[in-house]
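Quick notes on the structure that follows.
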Amino acid sequence: MILARHVLAGDSLAAARVLIGARLVHEGPDGRRSGRIVETEAYIGTEDRASHARFGRTARNAIMFGPAGRAYVYLVYGMYDCLNVVTGEEGRAAAVLIRAVEPIEGIDAMRDARVAWAARRGRATASASGLRDSRLASGPGLVSVAFGIDRSHNGVDLCDVESSLRLEAAEAGDRLPDIATSARIGVAYAAEPWRSMPWRFVDASSPVSGAGDRGPRRR
DNA sequence: TCAAGGATCCGCT
DNA sequence: GCGGATCCTTGAA
């Protein structure tokens, strides 16, 4: 079932928590890919010095000021697309970054996407068979690679059943997430208190982002 | 118009 | 654990 928009339109921290355990779904030419979201980070308001909205409204971040439930996709480091979900009330810039997903459906397509991406960059990479499921979407850049998301998806309504890219609520029988919080990753440039805000949420029971084979990244 | 730097990942040491 | 790849966005001039 599609994720209800009002869940995202309220408090952004609550939204970041609700997204843990929810499903990311992409119906594309390569079939249906889906996964369980296991790591998120919230960026809230123009006063948040770690947020892209810290300089106010610009052409790039305009989508963050819009209604909740839309996708905000941006390029970081010149090579990685990152998927965010716009949250909070319209007019106030807020978004939740999807940092990691546990693959469920379309794992072969994700593996193919990863190999094709590496080839495009002319990089040697692990063979397709050597890629473990838990590593396919274990970082914000990798989520986009695995699901075939790029900036053409910027502005897509993730709460519309008609969208090829959308969010679905956890299904009955899904394991309940064991939610842990910590400071956000890669925001050392931001002043306090923003640098240390515990606005990162992970499912500690997930093999992808929790006490998995690599564990949370530090910086 | 320009220079600086960033919400990252991977391979090698 | 460290450094390289790689290019868009921003603020200042």
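These numbers were taken from a predicted model, which means no experiment stands behind them. Labels below follow one simple rule: chain letters A, B, ... track the order of the sequence lines, proteins then strands, and each chain is numbered from 1.
Rounded to a whole Å, the CZ atom of R195(A) is 12 Å from the P atom of dG6(B). Rounded to an integer number of Å, the gap from D150(A) CG to dC7(C) C1' is 16 Å. The CG atom of L136(A) sits 19 Å away from the P atom of dT8(B) (whole-angstrom rounding). Nucleotide dG11(B) holds its P atom 13 Å from the CE atom of M79(A), rounded to whole Å. N154(A) places its CG atom 14 Å from the C1' atom of dT9(C), with the value rounded to the nearest Å. Atom CD1 in I63(A) sits about 14 Å away from atom P in dT9(C), given to the nearest Å. With rounding to whole Å, Y80(A) atom OH is found 21 Å from dG5(B) atom P. For Y189(A) and dT9(C), the OH to C1' distance is 13 Å, given to the nearest whole Å.
Here the straight-line distance linking atom CG of D133(A) with atom CZ of R111(A) works out to 5.0 Å at 0.5 Å rounding. To the nearest 0.5 angstrom, I149(A) atom CD1 is 4.5 Å from L83(A) atom CG. With rounding to the nearest 0.5 angstrom, the CG atom of L97(A) is 14.0 Å from the CH2 atom of W199(A).
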Taking only Watson-Crick and G-U wobble pairs with both distances under 3.5 Å, what dot-bracket line describes DNA chain B, where [ ] shows pairs that cross earlier ones and | shows pairs with another strand? ||||||.|||||.
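Between E102(A) and S206(A) the shortest heavy-atom distance is OE1-OG, 2.8 Å. When all heavy atoms of A93(A) and A53(A) are compared, the pair lying nearest together is CB-CB, 3.5 Å. Of all heavy-atom pairs between A95(A) and N84(A), the closest is CB-CB, 4.0 Å.
Classified by interplanar angle (parallel below 30°, tilted 30° to 60°, perpendicular above 60°), the ring pair Y80(A)/W117(A) is tilted.
Comparing atom distances between the P140(A) side chain and each of dA7(B), dC10(B), dC9(B) picks out dC9(B) as nearest. Distance from the side chain of L75(A) is smallest for dC8(C) among the nucleotides dC8(C), dC10(B), dA7(B). Among the nucleotides dC10(B), dA7(B), dT6(C), the one closest to any side-chain atom of N84(A) is dA7(B).
Looking at residues two or more places apart in sequence or on another chain, you find no side-chain hydrogen bond (donor to acceptor under 3.5 Å, both in side chains) involving D160(A).
Once the 5.5 Å centre distance and the 30° plane angle are applied, the aromatic ring of Y77(A) is found not to be stacked with the base of dA5(C).
Under a cutoff of 6.0 Å and an axis angle of 45°, R60(A) and F55(A) do not form a cation-pi pair.
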Protein-nucleotides 10-13 of chain C N/O pairs under 3.5 Å:
| from | atom 1 | to | atom 2 | distance (Å) |
| --- | --- | --- | --- | --- |
| dT10(C) | OP1 | T58(A) | OG1 | 2.5 |

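Contact between the side-chain N/O atoms of R200(A) and the OP1/OP2 oxygens of dA7(B) is not found at any separation under 4.0 Å. Close to dC7(C), at under 4.0 Å from its OP1 or OP2, lies no side-chain N or O of R151(A).
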